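Note that the coordinates shown come from a computational prediction; the quantities given were computed from them, not determined experimentally. These values consider heavy atoms only, across backbone and side chains, with no hydrogens, waters or symmetry-generated copies. We're numbering straight along the sequence, starting at 1.
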Amino acid sequence: MDNANNYAKIPKEKFQFVQKSNIGHDKKLETKPVGYFQDAFRRFCKNKGAVAGGIVILFLLLFAIITPFCTPYTVDYYDSVFSTTQPKNNLFVNTNFWDGCKNKQTGLNNFIEDYAISLETGKPVIKNGEYTVNDEGIYEYRYDTYYGTGFGRYRTITTEEYNDIQRYQNETGRQVIYPTVKLSDRPEAIQDKTRANLYYKTKTVGGKTQPVLDENNNVIPNYWKYASADGLPAVAAEYNSLRIEGENGFIENGEQVFYIYGRMVSGGVEVRTYYYEYYRYYHTQVLKDGIDEPCFLFGTTSFGKDIFTCLSSGARFSFIFAIAVAVVNMFVGAIYGSVAGYFGGKIDLFMERFSDILGAVPTMIVITLLKLHMGQSSQALVLFIAFFLTGWIGMASTTRMQFYRFKNQEYVLAARTLGAKDSRLMFKHIFPNAIGTLVTSCALVIPSMIYSETNLSYLGIINLEAGKITSVGTMIAAGQRDMMIAPFVALFPSCFLALMMLSFNLFGNGLRDAFNPTLRGSEG
């Protein structure tokens, strides 16, 4: 009543008709509709940890896919001479990091042997010629694991190869064959008679070979030589190629003297070959496999395999294997779980008991039985079958729980009321709400598969190191043997596995949040 009286007191001139043109209306929305996946991608990009994980995974994938095509080495390549060779990057050769060298502590005899190789070949086996000696007479220096391969043992090659190496030396200026030592002048100790590094005079003290030094503490060369007037001995091989510095025919006791570079033996010519240069000759002239000189970016294993190549090829196999297992498990598990979760009742009870029985069988038993049945040559297939037989059960259980969670929601009941079929309700209305959880589970299955393969390889149950196949887990298991002398053999594949596991966890968590429908439209 009071309000009515108040309105009555308002003057009439205050009331005016509203013009039709001034009536306000709701404005048309100018923004474009955002789709489900577009909104999920936006929310995923806001998660910096997930984005970083995705970038790292992409980098690891590119490493696994591209690298095997960019290296001259292959998985089945090996060279036992370059065993546990240190990692080397030519960009760091002038530093003490990643230069193919290692810190070496040794006694006088071994030091002299390394020093003598440097002196004869001109290669810095002792890096920069720098070394220290402690009070106990232990020498410490940076030892080049590439040049330090030395001459190894006397090598017998065919006459054709002997002549071909001489041709190669004349064309390239790289000396492969060095003067040999007469059989009677070699060390007395039986174990040292075939050691080609000992080109200098030696003596035996207490059953051990020791060098004989001159008054300046230098080694005394003990090469086999002949006077030009006497002619080449019958057992010596003719040599017409590079000679060591200062040896182009020198005068001794008034006669011109030459060194002998090869000794004729049954089957060919026995020579002293500097292995670093012989390696270059053999790969460029004989194998012609594109390897110009030995350089292993991540070093080599105890079998002389290139870790860089094996890691990239192993990563490619591990990724392909794990992704294949994850996709198959997701496909089978999603269908199985959808049916069980949607229909429920006796169907669900029967399907759950079946999966429980199958899941109760230990994976180790499955792998062992499959190995006995399929043999050692199909171990990759054994792993795939074993992981598939039980791997889909977890995915099916996750899908089933998601269906129980969403199948009685109002929008599902509304769709059923409007006449939607079961298949439409399952895969159009309910299943999309489970995608976030399923994608996360699938993303985490990939590193889980690789980690499982690593454990099986470490235990020796599965061995994929055969021919042109290897894996990250196999490399870690192989590096276990060399942890004390060459930790880098296990370091690189271990770092790869750790980085991959961390990245996939961050990436999977980001996917879970991005595909969560309850967060759609949130600004995070």
Side-chain angles (χ1 to χ4, degrees), residues 60 63-64 67-90 92 97-104 143-150 152-153 275-276 278-280 282-283 287 289-319 321 376 379-380 383 450-451 453-500:
L60 296 179
F63 170 77
T67 301
F69 300 104
C70 301
T71 172
Y73 301 102
T74 58
V75 176
D76 55 346
Y77 161 89
Y78 73 94
D79 191 317
S80 57
V81 176
F82 285 105
S83 173
T84 60
T85 303
Q86 294 288 317
K88 182 178 181 180
N89 188 330
N90 289 326
F92 297 89
F97 169 76
W98 210 353
D99 57 348
C101 301
K102 67 178 180 180
N103 293 326
K104 185 175 182 178
Y143 171 77
D144 194 302
T145 57
Y146 292 81
Y147 298 142
T149 53
R153 300 190 176 275
Y275 191 76
Y276 183 87
Y278 180 79
Y279 180 96
R280 300 181 71 179
Y282 192 73
H283 282 275
L287 297 181
D289 53 7
I291 302 175
D292 181 61
E293 63 179 329
C295 184
F296 308 104
L297 195 62
F298 287 173
T300 63
T301 66
S302 57
F303 297 105
K305 288 178 171 287
D306 179 44
I307 295 176
F308 183 72
T309 302
C310 290
L311 180 58
S312 59
S313 298
R316 180 168 59 179
F317 168 80
S318 297
F319 271 121
F321 172 79
Q376 298 291 329
Q379 298 204 28
L383 270 182
I450 299 176
Y451 190 71
E453 182 269 323
T454 301
N455 291 332
L456 293 172
S457 298
Y458 179 79
L459 294 173
I461 298 172
I462 290 293
N463 181 19
L464 296 173
E465 193 173 19
K468 298 183 179 181
I469 298 177
T470 188
S471 68
V472 177
T474 301
M475 294 189 64
I476 295 175
Q480 179 72 17
R481 300 187 295 265
D482 306 313
M483 284 298 295
M484 298 302 297
I485 60 173
F488 61 86
V489 177
L491 175 64
F492 289 107
S494 297
C495 289
F496 179 90
L497 182 65
L499 190 62
M500 183 190 63

Between Phe492 and Pro87, what is the shortest heavy-atom contact and its length?
-> CE1-CG, 4.0 Å

Less than 4.5 Å apart, any side-chain heavy atom of Thr145 and any of Phe82?
-> no

Of all heavy-atom pairs between Ser80 and Ser83, which one has the smallest distance, and what is that distance?
-> O-CB, 3.3 Å

Examine distances only and state if a side-chain atom of Tyr275 and a backbone atom of Gly152 form a donor-acceptor pair shorter than 3.5 Å.
-> no

Out of curiosity, Leu383 CG to Leu456 CG, how far, rounded to the nearest 0.5 Å?
-> 6.0 Å

Between the main-chain N or O of Tyr146 and the side-chain N or O of Thr149, is there a donor-acceptor pair closer than 3.5 Å?
-> yes

Sorted by first residue and then second, give each side-chain hydrogen bond (donor to acceptor under 3.5 Å, both in side chains) pair with at least one member in residues 471-486; sequence neighbours left out.
-> Ser302-Asp482, Glu453-Ser471, Ser471-Thr474

Using modelled atom types only, decide if a donor and an acceptor are shared between the side chain of Thr300 and the backbone of Thr85 within a distance under 3.5 Å.
-> yes

Looking only at heavy atoms, the pair that brings Val489 and Ile307 closest together is CA-CD1, 3.7 Å

Measure the CG-CG distance between Asp79 and Asp306 for me, rounded to the nearest 0.5 Å.
-> 11.5 Å

Count the heavy atoms of every other residue, nucleotide or ligand shown that sit under 6.0 Å from OH of Tyr78, and state whether that count exceeds 12.
-> no

Give, for atom SG of Cys495 and atom CG of Leu311, the distance between the pair rounded to the nearest 0.5 Å.
-> 10.0 Å

Student check: side-chain heavy atoms of Phe319 and Met500 closer than 4.5 Å = yes

Pairwise side-chain contact, Phe317 with Thr470, heavy-atom cut-off 4.5 Å (strictly under) | no

Gap between atom CD1 of Ile476 and atom CZ of Phe496 - 0.5 Å precision | 10.0 Å

Test ring pair (Phe, Tyr, Trp, His ring centres under 6.0 Å), reference Tyr73, set Phe298, Phe308, Phe296, output is Phe296

Expected output: side-chain Thr71 to main-chain Pro68 donor-acceptor under 3.5 Å | no

Any salt bridge between Asp99 and Lys88, counting N to O under 4.0 Å?
-> no

Of all the heavy-atom pairs spanning Gln86 and Phe488, show the shortest one and how long it is.
-> NE2-CE2, 3.3 Å

Roughly how far apart are Arg316 CZ and Leu60 CG, rounded to 0.5 Å?
-> 15.0 Å

Looking at CD1 of Ile291 and CZ of Arg280, how far apart are the two atoms once the value is rounded to the nearest 0.5 Å?
-> 12.5 Å

Is there a side-chain contact between Asn90 and Cys295, using heavy atoms and a 4.5 Å cut-off?
-> yes

Over 12 foreign heavy atoms within 6.0 Å of OH, Tyr77 = yes

